[in-house]
Amino acid sequence: MTTFNPNDIPSRFDFAEAQNRIFQMWESGGYFEGDPKSEKPPYTVVIPPPNVTGALHLGHALNNTLQDTLIRMKRMQGFNTLWMPGTDHAGIATQAVVERRLKEDEGKTRHDLGRKALVERIWKWKEQYEERILGQLKQIGSSCDWKRTRFTLDEVCARAVRHTFFDLFQKSLIYRGKRLVNWDTYLQTTVSDDEVFSKTVKGQFWHFKYPVIDPKPGEPEYVIVATTRPETMLGDTAVAVHPEPDRALDRVASELREKLKKSSDSEKAIVEGQLEALAARREAMLPKLEQLRDMASDGRKLMLPLMNREIPLVCDVWAKPELGAGCVKITPAHDPNDYEVAKRCDLPMINIMNRDGTLNIETGVYSGLTMKQARKKVVEDLDALQLLEKVEDREIELPQSDRSKTPIEPFLADQWFVAMSELSQSAIDAVVDGQVSITPKRYERGYLDWLGEKRDWPVSRQLWWGHQIPVWTKACESEAEVQPLVEAIQALSGFDETVAAIQLEPCEETDPEKRAKLELPFASIHVCVQSGCEEFESALEGLGLIREEDVLDTWFSSALWPHSTLGWPEQTPELACFYPTSTLITSRDIISLWVARMVLMGLNNCGEVPFDKVYIHPKIQDGFGETMSKSKGNGIDPLDVIAKFGADALRFGMAHLCTETQDVRLPVQFECPYCQHSFDQTKKNRILPKVSCPGCKKEFSTQWAESEEDKRLEKGAVISERFETARNFVNKLWNASRFAMLNLEGYEASPISEEDLTVEDRWMLSRLTSVSGNVTAYLEDFKYADATRELYEFAWHQFCSFYVEMLKDRFADETKRPHAQRMLAYSLDCLLKLLHPVMPFITEEIWQNLARICPERGWADVETANHCIIDAAWPALNPAWRDEAIENQFALYQAALSDLREIRNSQNIGNKKKVKFSIKCTGDIADLLQPLGIYFSRMANAELVELGPSAVAPETSATRTTADMEIYVDLDGLIDIGAEVKRLEKEKANLEKSISGKQRQLANEKFVAAKPDLAKEIQTSLSQAESQLATIADSLQKMTAKL
RNA sequence: GGGCGUUUAGCUCAGUUGGCUAGAGCAUCUCGUUUACACCGAGAGGGUCGGGGGUUCGAGUCCCUCAACGCCCA
């Protein structure tokens, strides 16, 4: 190794070079690895596995910075830490991305490729993005145990999924049922509610007449229903009317009156109009509505046109008497509200659609048509029958699939469900009992409310990318087939209930004739197979059973993450050591989807909660308060921030903005690739393929560049200037340590006795004690912003601006030098450790350099420093070193210094000009200030000529006062009287304001009676202020006289 | 529709249980290259704490109400 020369240290930290080198050193040194055999107490965090859909964004950078900061502190505190890394297969999101790519690049659909080939393609995509994601996490500095990296679709996780599914199936907590789903006819899959968006389009509102069968005298021959989707009438199974039209109209009216009270003037007219219309309607329609209600109660039936099917007239609250004719057609299999009506009224549900969006055989002559074709034909046919009453133009809300941008069809499909009642309750109890705490506490409510609904969890997804459901099914045509098949299956499994679990699902259609007509089986046999029984699976297929094609909801595997990654269901040493994990750090949008499900699955599978603390961090928005996303163009790549500012600055910036609020704003800038000028992103320029730099006027490309011409331009980075503060802080720390190393030549370690400590040494020890205690407590409580603020303030304005400055004088004195060196090495050592969790790279780099000059450090007890800072012992200073008296003493010095500097500035005295000054104060104060008096020279180029009660103001002087002192700067030959008068007048005004405020308070008898202690304090500060005022007034008078 | 959050200096945010002249960083202005750092140092200016009402001796802080913005659930 070449000899280390502090003079060679550059004045900037070369983070780009250091980050990779240091990370490799940590990783190859095994510092990230959790040891299941360790004697140390475990501390475990599982990463919220990022989706392999794409690259990481700034939200991930925040999330992982917080986890890494915590795990690094715990590692230094002596815990056996494990941060478990991995990625999520993210079912539909990933499959959709790959399918879209396939369509764009090759014009193919997944059906052209087939299941096997498509899944292979997605695996390739996954490999590519996983590598990129893990690379990004490492660049951030994440100290995960990378050898343990898991993927929610890998063998270990798959085994856990299969065991869980089998267990729940066996307990009958998994069952098969029908459910109305959002069907994407293009992708031929269900999409979740949050992947559906509503689009307002121009459409029509058709009014049809349905004939009444055998109307009684006085009853209408037709009822009128209205719809925006005529084709669905082929699947109608009822028409509903309101059971209490009278009361329903009353309620609407009273709601309108409530609204009227709250309305602004402009709205009032509209609401009043609505009320009048309602009253008129009531007058005209109520008898008819009541008649319809009576007809429904009497069991009157209607003839569904075109299909010639008898359908009932039913009573249900879904019908709105205030709208249209007051009747609503019910299509249970193709409308969510109608589906609910059908469940309430026990109506049949007729599915009229094939998976590709065409109409099925239920629709007779319409079979095979697309929805659009069917709509046209249905309207024409009804019109021909003179059953079309009228058509209105109207704006309608059309649900669309976010993935394929095609209309969503509500569709009744077979789905697997997890029964949630018991499972949810266990997860509710865990939080109510305090086994799991959620920080900030306000998020508990959403968690509990969501679980409290105990809605069954539909877990099947009609996708190819995911955990295929391990169930084999066969339909039995008759009752006679059932028993022999069950017996055959049991025999094949060797009557082993740990291999196969069987469920019998009877057909919900009990009428054998109807079953035959609709080609429905008598019952279905479902066999769930445990993992590792491939031969049995083949044998089942030999019996004619077919494997379920659907895969599981992504959250099913995510729910197992804390234990599946540790090897469950195997009772591995890792599981024994690291489960339950300690803390989960995530963002609020997945509290119910993920956190709640992990709790209940952890309890079900392991009998213990998966973690005892959950911390929910804020979400990052751009300067406009919008969430960042690639599709908006305001997304920031953490790697761009790292390239410009360094990983430590990114991390410090992230932690610094992590307050208890819900959202934090981070204004976004473009950075010109030519001149490095950065300027604000606007809603306009963030969507352009190329942007012109306002600095150098050259054009650069953005993420939207598509044309060859645009792509040839240099690409501009998207960054945020908010990281500049953090970058500057990194630089400050780097240079403070550079100064230290330049002055530690000849360092020798040896203990310092307590009596030899100077005032500033004791002050530094006191500060270090407070700061280390505060930072520890803040981080334990997830108060990241408070921790970074404390560290920033301490490192910059206390350690650098005062302590290091004061040490300079002591370094110049040979006799004081060795002592000063030891104190500097010790305090820097301590500061680096406190900063390490947030700023790991620079602290490690400085640590390693420091060790070359002073490998042994400490003031009372000298020890050899740990080889790496990453597992050095976390500072735990003796609380006895916290010394308020010393800190107050120091504050006196700082106050005097601040006044001196202000005089220099207001009098415009150059730094090189030495000034003389005196301080008038009590003898006690003088004793306190005395030892620090020499430092006025270095810090303000000012010489203290007199200190104590007898100090007097020179003839021409500037005067400042504090509560404890009067400061006179001798300005003979220097003074700008005008400036001084102005300054004194301002000071006088301030004091007068302060005095009158205090006087008012003390004149308030109730206050003095209620808070005597506080009143006493104010009384004291009032007399001080009055004495200050006297001094200032006196000076002002003298100065004014000289004008 | 229900729930949650936010509104404090030009910008981004702190502000503990109500209490003395409401703080920080960035930006602005003035001065300054004293060899760790100009990604620096010293200083200054800048706030009717979203509007209205209430409780209180006293409100940025507690309560009510209105407004704007954001998020989650239906």
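Worth saying up front: this structure is predicted, and the values here are computed from it rather than measured. Protein chains get the first letters and strands the later ones, always in sequence-line order, with residue 1 at the start of each. Quick note: numbers below take in every heavy atom, side chains included, and nothing from hydrogens, waters or symmetry partners.
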Under 3.5 Å: donor-acceptor pair, side chain of A:Y784, backbone of A:L66: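 Between the backbone of A:L66 and the side chain of A:Y784 there is a qualifying donor-acceptor contact (under 3.5 Å).
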Between A:Q621 (side chain) and A:V664 (backbone), is there a donor-acceptor pair under 3.5 Å?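 No, because the side chain of A:Q621 does not come within donor-acceptor range (under 3.5 Å) of the backbone of A:V664.
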When the distance from [atom1] of [X] to [atom2] of [N] is rounded to whole Å, what number comes out?
X: A:Y792; N: B:C13; atom1: OH; atom2: C1'; answer: 14 Å
X: A:L593; N: B:C71; atom1: CG; atom2: P; answer: 17 Å
X: A:N941; N: B:U34; atom1: CG; atom2: C1'; answer: 8 Å
X: A:R442; N: B:G2; atom1: CZ; atom2: P; answer: 21 Å
X: A:Q999; N: B:C57; atom1: CD; atom2: C1'; answer: 17 Å
X: A:R960; N: B:A44; atom1: CZ; atom2: P; answer: 10 Å
X: A:Q1001; N: B:G18; atom1: CD; atom2: P; answer: 16 Å
X: A:Y935; N: B:U34; atom1: OH; atom2: C1'; answer: 17 Å

Between CG of A:L831 and CG of A:L791, what distance do you get to the nearest 0.5 Å? 7.5 Å
Using a heavy-atom cut-off of 4.0 Å across all strands, would you classify [X] as base, sugar-phosphate, or nothing?
X: A:K619; value: nothing
X: A:E1017; value: base
X: A:K993; value: nothing
X: A:T725; value: sugar-phosphate
X: A:S994; value: base
X: A:I1018; value: nothing
X: A:V664; value: sugar-phosphate
X: A:R445; value: sugar-phosphate

Whole-angstrom distance between [N] and [M], as gauged at atom [atom1]:
N: B:C64; M: B:G5; atom1: P; result: 12 Å
N: B:U55; M: B:G10; atom1: P; result: 32 Å
N: B:G51; M: B:C4; atom1: P; result: 24 Å
N: B:C20; M: B:A27; atom1: P; result: 31 Å
N: B:G15; M: B:U30; atom1: P; result: 34 Å
N: B:A59; M: B:G32; atom1: C1'; result: 43 Å
N: B:C49; M: B:U35; atom1: P; result: 46 Å
N: B:C72; M: B:A36; atom1: C1'; result: 50 Å

Using the side-chain heavy atoms of [X], tell me which of these nucleotides is nearest: [options].
X: A:H797; options: B:A36, B:U12, B:G25; value: B:G25
X: A:N911; options: B:C20, B:C31, B:U34; value: B:U34
X: A:E902; options: B:C20, B:C69, B:G43; value: B:G43

Taking pairing as Watson-Crick or G-U wobble with both contacts under 3.5 Å, can you name the mate of [N], or confirm there isn't one?
N: B:A22; answer: none
N: B:U6; answer: B:A68
N: B:G43; answer: B:C29

Which residue lies more 5' along RNA chain B, comparing A:R727 with A:L991 via nearest heavy atoms: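 Here A:L991 is the residue nearer the 5' end.
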Between A:R738 and A:Q1028, the residue closer to the 5' end of RNA chain B by nearest nucleotide is A:Q1028
Ignoring backbone atoms, establish whether [X] has a side-chain N or O less than 4.0 Å from OP1 or OP2 of [N].
X: A:T659; N: B:A14; answer: yes
X: A:K732; N: B:G41; answer: yes
X: A:K808; N: B:A36; answer: yes
X: A:W796; N: B:A36; answer: no
X: A:R455; N: B:C73; answer: no

I'd like to know whether the aromatic ring centres of A:Y893 and A:F936 sit less than 6.0 Å apart in this structure.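 A:Y893 vs A:F936: aromatic centres under 6.0 Å.
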Counting only distance, no hydrogens or angles, is the base of [N] paired donor-acceptor with the side chain of [X] under 3.5 Å?
X: A:E805; N: B:A36; result: yes
X: A:Q621; N: B:C71; result: no
X: A:R588; N: B:C72; result: no

Take atom [atom1] of [X] as the centre, draw a 6.0 Å sphere, and report whether it contains more than 12 heavy atoms from other residues, nucleotides or ligands.
X: A:W796; atom1: CH2; answer: yes
X: A:K783; atom1: NZ; answer: no
X: A:E453; atom1: CD; answer: yes

Exactly one candidate in A:R722, A:R665, A:R686 meets salt bridge (charged side-chain N to carboxylate O under 4.0 Å, His left out) with A:D622; the answer is A:R686
